[in-house]
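Following: one structure in structure tokens, then a few remarks.
These numbers were taken from a predicted model, which means no experiment stands behind them.
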2 protein chains.
Amino acid sequence: MAELQRDAAQSYAALGRAVGLSGGAVHERVRKLRERGVIRATTVEVDPVALDRPVLAYVMVGADAWMGESGDAFAGIPEIMEAHVIAGEASVLVKVRTATTEQLQDVLRRIYGIQGVANTQAIVVLETFFERPVRP
Amino acid sequence: MAELQRDAAQSYAALGRAVGLSGGAVHERVRKLRERGVIRATTVEVDPVALDRPVLAYVMVGADAWMGESGDAFAGIPEIMEAHVIAGEASVLVKVRTATTEQLQDVLRRIYGIQGVANTQAIVVLETFFERPVRP
DNA sequence: TATGAAATGCTCGAGGC
DNA sequence: GCCTCGAGCATTTCATA
């Protein structure tokens with residue numbers, strides 16, 4: 001499956017050669033992985049900088065109320081790429097990508113608008129060493 | 001391009017219908033996006049839980065030395081999905097996926113083994129609201 | 001840079017081991 | 001669960017505008 005993650009555009013025949021199986025067998029295996037939900041989707045990996053979103057930040061969101069049902073509120077802010085409920089001092093950790101730091105500030109403003117949010121702490125990324133997919 | 005991110009397995013003809021272009025034109029446009037590096041790769045999105053990696057944590061790594069060249073050291077730990085140099089108290093922020101909390105502890109041990117690392121603070125994720133790709 | 005048509009090559013089912 | 005085979009369809013190239 002690592003081969004599929006590396007390049008999902010290649011043919012089943014080529015995949016079979018890489019793994020030592022026939023094209024048909026690979027096709028069957030991949031079909032079952034999709035069916036079982038192990039493979040969620042086939043997508044393209046896009047360069048955020050080329051898409052004019054060079055500013056990356058993580059924001060720790062502190063709350064004064066239960067935020068376990070606030071997922072949709074965070075999803076409503078398109079600049080937020082990920083949102084997680086966390087253990088520890090803060091309540092929610094979100095990953096934000098914007099074009100400028102002004103836009104980052106605006107995202108923080110919108111986060112403050114969410115019910116139960118008490119404070120935020122932004123962690124600005126200066127350089128990304130790497131980002132890679134889950135290897136099996 | 002949002003359509004390609006949603007499902008890169010569909011045909012160029014179907015893509016063309018969704019955008020209002022012919023199959024050949026879509027093919028040409030996508031080829032150029034690949035060439036220019038906007039589209040980095042075609043991959044499959046894999047469910048981390050189905051792959052037996054249900055434990056997700058972010059680790060803030062504090063340093064007592066310059067860590068700007070330590071990218072490879074972090075890349076050497078396969079459980080680390082992302083590593084960023086950050087502004088603020090800590091120096092590096094990493095995203096970690098493991099099967100168990102014991103393995104998370106072991107990853108922390110290996111992080112301490114990297115030159116210049118002075119301390120770590122792990123933030124364990126209890127629930128993921130969502131994770132989504134960069135929209136154009 | 002878009003189109004449409006033509007040739008190559010792939011997908012994905014059926015059938016057998 | 002893997003293999004082979006074949007019909008149908010997608011990809012990719014090229015002439016054209």
D:dA10 C1' sits how many Å from A:Tyr12 OH, rounded? 13 Å
Mind calculating the distance between CG (B:Asp7) and P (D:dA10) to the nearest angstrom? 14 Å
A:Val134 backbone acceptor or donor facing A:Gln5 side chain under 3.5 Å: yes
Straight-line distance of B:Leu33 CG to B:Glu28 CD, nearest 0.5 Å: 10.5 Å
Considering only heavy atoms of chain B and a distance under 4.0 Å, specify the first and last nucleotide of DNA chain C in 5' to 3' order that meet this criterion. C:dT1 to C:dT3
Rounded interatomic separation in angstrom, taking CD from B:Glu28 and P from D:dC14: 12 Å
Taking atom C1' of D:dT11 as reference, at what distance in whole Å does atom CG of B:Leu15 sit? 13 Å
Where the side chain of B:His27 is concerned, which of D:dT12, D:dG1, D:dC2 is the nearest nucleotide? D:dT12
Atom-to-atom span, CD of A:Gln10 to P of D:dT11 - whole angstrom: 16 Å
Identify whether any heavy atom of A:Ser11 sits under 4.0 Å from a base atom; if not, whether one sits that close to sugar-phosphate; answer base, sugar-phosphate or nothing. sugar-phosphate
State, to 0.1 Å, how close B:Val49 and B:Pro54 come at their nearest heavy-atom pair, and which atoms those are. CG2-CA, 4.5 Å
State whether A:Glu82 and B:Lys95 are salt-bridged, where the test is any N-O pair (Lys NZ or Arg NE/NH1/NH2 against Asp/Glu carboxylate O) under 4.0 Å. yes
Would the distance check show the side chain of B:Ser70 and the main-chain N or O of B:Ala73 forming a donor-acceptor pair, the cut-off being under 3.5 Å? no
Looking at A:Arg6 and B:Ala41, would you say the former's side chain and the latter's main chain have a donor-acceptor pair under 3.5 Å? no
Regarding A:Ala25, tell me which of base, sugar-phosphate or nothing describes its non-hydrogen contacts under 4.0 Å with the strands shown. sugar-phosphate
